[in-house]
Amino acid sequence: MIAFLIKRMANAAFVMLAVALLAFVIFRFFGDPVEMMVNEQATQADRAELRERLGLNDGFATQYARFVTNAVQGDFGISYRNQQDVMVLIKDRFPATFELVLVATVISLVVGIPLGVITAVHRRSRLAQALQLGSIVGVSLPSFVVGILLILGFSVSLGWLPAFGRGETVQIGWWSTGLLTPSGRAALVLPAVSLSTFQITLVMRLVRAEMLETLRSDYIKFARARGVPAARVQWRHALRNCLMPVITLTGMQIGNLIAFALVTETVFQWPGMGMLFIQAVTFVDIPVMAAYLLLVSLIFVVLNTVVDITYAWVDPRLRDDSARSGGAHG
Amino acid sequence: MSDIVLDIRNLRVEFPTRKGVLTAVDDISLQIRRGEILGMVGESGAGKSMTGMAILGLLEPPGRIAAGSIHLSGDRIDGLDDRALQAIRGRRIGAVFQDPLTSLNPLFRVGDQLVETIRLHTGLSRSRARARAKDLMHEVGIPAVEERIDSYPHQFSGGMRQRIVIALALCAEPELIVADEPTTALDVSIQAQITALLRRLCRERGTAVLLVTHDMGVIAETADRVAVMYAGRLAELGPVDEIVRRPNHPYTSGLMGSIPSLRKDVDELQMIPGSMPRLDAIPPGCAFNPRCTHAGPRCRRETPRIDSPGAACWLALEGEVA
């Protein structure tokens with residue numbers, strides 16, 4: 001298990017170095033950083049002096065090493081646009097996106113898994129078929145359309161929930177949370193639901209397909225032959241055998257959601273990283289883009305590592321290699 | 001007659017399909033007594049597993065019991081709803097399936113699967129159920145129970161897993177065990193151990209066993225009586241010694257001829273020409289008549305049936321086939 005962990009960590013570190021290289025190349029070679037930083041009145045001498053001070057005359061490897069060293073310490077430089085430390089900008093925005101994605105993921109699992117089980121177990125019933133049909137709509141509706149429809153329904157017509165912003169937030173250290181205030185929670189509902197629609201249908205369809213497969217297996221039939229009640233067979237014995245792909249999917253999708261929440265964030269004017277990134281792109285704010293790229297990759301890598309470890313937790317067969325040879329014979 | 005545990009009368013299992021109704025089990029009657037092992041033998045598709053599943057109430061829809069009755073120690077158990085069947089499955093009827101590799105849920109410790117089954121049927125506390133699980137594992141011959149109880153199925157060999165499956169079948173001291181090809185997926189040496197185990201449990205506990213297999217050798221070693229199935233029908237029924245020594249049905253003779261023997265020096269094993277008809281193409285009269293060397297006009301006209309020991313063959317029943 002420890003060897004497994006070390007191997008996974010080394011893999012993750014390697015991936016991060018590769019991504020850092022990419023981010024560094026963008027930062028260093030797409031446009032001239034000096035040109036973007038100085039104002040028009042700067043003399044040639046000023047520029048040369050800045051170039052020297054920024055270390056841009058050093059060799060490629062030295063600059064890359066410095067970039068990685070700084071990045072590890074959370075130093076991505078100063079945003080071109082608003083002259084603020086990039087890390088401060090991200091620290092400001094990250095909690096908003098993270099909470100949005102977290103709540104959307106929880107919604108998609110809490111709603112999607114039971115729907116998947118129900119549609120698999122009662123696959124011939126009308127309700128299951130209606131859900132199955134509805135899920136196609138859910139998969140094919142773009143999330144901004146869902147968002148706009150939700151705003152139209154619950155904010156404009158009914159006036160129940162706010163249509164934009166994050167509501168009141170509470171500061172815990174550098175983390176600003178909206179989960180602790182009523183207005184923060186209310187503001188979270190529509191964006192989270194909008195972001196989770198696609199996920200719900202994805203989880204539901206996946207669980208349904210896996211359940212149909214599992215319910216045909218021998219150990220399910222044998223569990224029934226042992227007299228285990230049907231509901232227990234379905235929700236305990238079968239469902240647990242379906243969770244592996246759901247974990248994979250969820251892990252990957254959390255990364256996707258964080259990276260691509262920008263559509264939802266734009267629709268709901270959610271002050272998250274997506275909005276930050278859109279603004280950075282508009283102003284060619286390279287340090288912010290490089291930091292965003294690295295952060296999103298970091299999240300992907302961490303999630304994938306966590307998913308691998310969770311596998312071992314759910315499925316004992318992946319836990320140890322010694323087990324195969326250790327079985328009793330006869 | 002109170003020691004009859006399983007009493008099947010004129011059982012008929014049908015599968016409605018788009019092309020018509022297939023009869024997987026056709027008018028079968030048999031009884032199993034306390035402490036008796038009835039071997040049910042036949043080729044794939046002869047209806048032997050269907051009979052087992054019908055007893056357990058586990059026929060896959062659209063399969064259904066179309067006629068006849070099944071009594072367990074006097075209580076009728078066919079046509080019960082799922083809730084009532086749950087109280088019988090595992091409690092009064094234990095099951096052992098063919099493939100021990102796939103019969104156990106891979107994600108649960110074997111001890112937990114045993115404890116779950118014991119508690120479902122007996123209402124014992126967790127710790128007492130665990131003690132009983134250990135006793136059962138010991139009884140079916142699993143060494144080092146203390147260590148093995150918290151192992152996962154993949155940490156056991158095939159034979160050990162089948163022992164666990166048998167322990168699961170025994171959890172609630174059932175009156176009847178339906179063992180569906182319990183040795184088919186195992187090595188020959190392990191097969192002998194498992195059949196010996198079944199036999200011992202059956203003797204010691206007085207459990208009735210329906211042993212479904214396509215292996216006449218297993219039947220000859222294990223069973224007290226044998227029911228030979230052919231195309232969903234009962235071909236021959238009787239004590240295993242008699243049938244092995246002097247089969248009365250031409251199909252049974254063919255089966256016996258196909259068993260290799262160490263004692264007799266045979267150059268070539270006998271073979272029954274042709275193959276068993278598909279369920280949608282069973283010939284009129286005796287289902288075996290196209291392959292039978294003795295077949296006469298009556299065999300093609302009327303279906304011979306038995307509901308007591310004997311052979312479902314006009315030659316055996318009437319002495320002539322005209």
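So you know, we letter chains A, B, ... as the sequences are listed, proteins then strands, and number each from 1. Owing to the predicted nature of the structure, the values given are computational and were not obtained by experimental measurement. We use all heavy atoms of the structure for the numbers below, so side chains are in, but hydrogens, waters and symmetry mates are not.
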B/R128 CZ: over 12 foreign heavy atoms closer than 6.0 Å: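 No - once you tally the heavy atoms of other residues, nucleotides and ligands closer than 6.0 Å, there are 12 at most.
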Within 6.0 Å of CD in B/E204, more than 12 heavy atoms from elsewhere: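 Above 12, so yes.
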Taking every non-hydrogen atom, the tightest pair across B/V96 and B/A169: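 That closest heavy-atom pairing would be CG2-CB, 3.9 Å.
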B/V110 to B/M137 - nearest heavy-atom pair and separation: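 Closest heavy-atom pair between B/V110 and B/M137: CG2-CE, 4.4 Å.
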Is it true that [Y] and [X] share a donor-acceptor pair across their side chains at a distance under 3.5 Å?
X: A/R124; Y: A/Q129; value: no
X: A/T105; Y: A/Q253; value: no
X: A/S135; Y: A/R205; value: yes
X: A/Q132; Y: A/T119; value: no

Considering only heavy atoms, which portion of [X] lies under 4.5 Å from any heavy atom of chain A: side chain, backbone, both, or neither?
X: B/I93; result: backbone
X: B/D82; result: side chain
X: B/V178; result: neither

With chain A, which of [options] has the greatest number of heavy-atom pairs at distances under 4.5 Å?
options: B/L120, B/L58, B/N105; answer: B/N105
options: B/L56, B/L101, B/L104; answer: B/L104
options: B/R83, B/Q113, B/E60, B/Q86; answer: B/Q86

Contacts of residues 228-239 of chain A with chain B (heavy atom under 4.5 Å):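 Only A/V228, A/P229, A/A230, A/R232, A/R236, A/H237 of residues 228-239 of chain A have a heavy atom under 4.5 Å from chain B.
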Any residue of residues 211-227 of chain A which, by heavy atoms, sits under 4.5 Å from chain B: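 Only A/D218, A/Y219, A/K221, A/F222, A/R224, A/A225, A/R226, A/G227 of residues 211-227 of chain A have a heavy atom under 4.5 Å from chain B.
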Worked check of side chain to side chain donor-acceptor pair (under 3.5 Å) between B/Q155 and B/R148: CA-CA 9 Å; B/Q155 294 167 317; B/R148 305 300 278 162; 5.9 Å; no
Between CG on residue B/L6 and CD1 on residue B/I55, distance to nearest 0.5 Å: 4.5 Å
Salt bridge (Lys or Arg N to Asp or Glu O under 4.0 Å) between B/R205 and B/E139, worked out: CA-CA 12 Å; B/R205 295 164 169 255; B/E139 191 173 349; 2.7 Å; yes
Face-on cation placement of A/R240 at B/F108 ring, 6.0 Å and 45° thresholds: yes
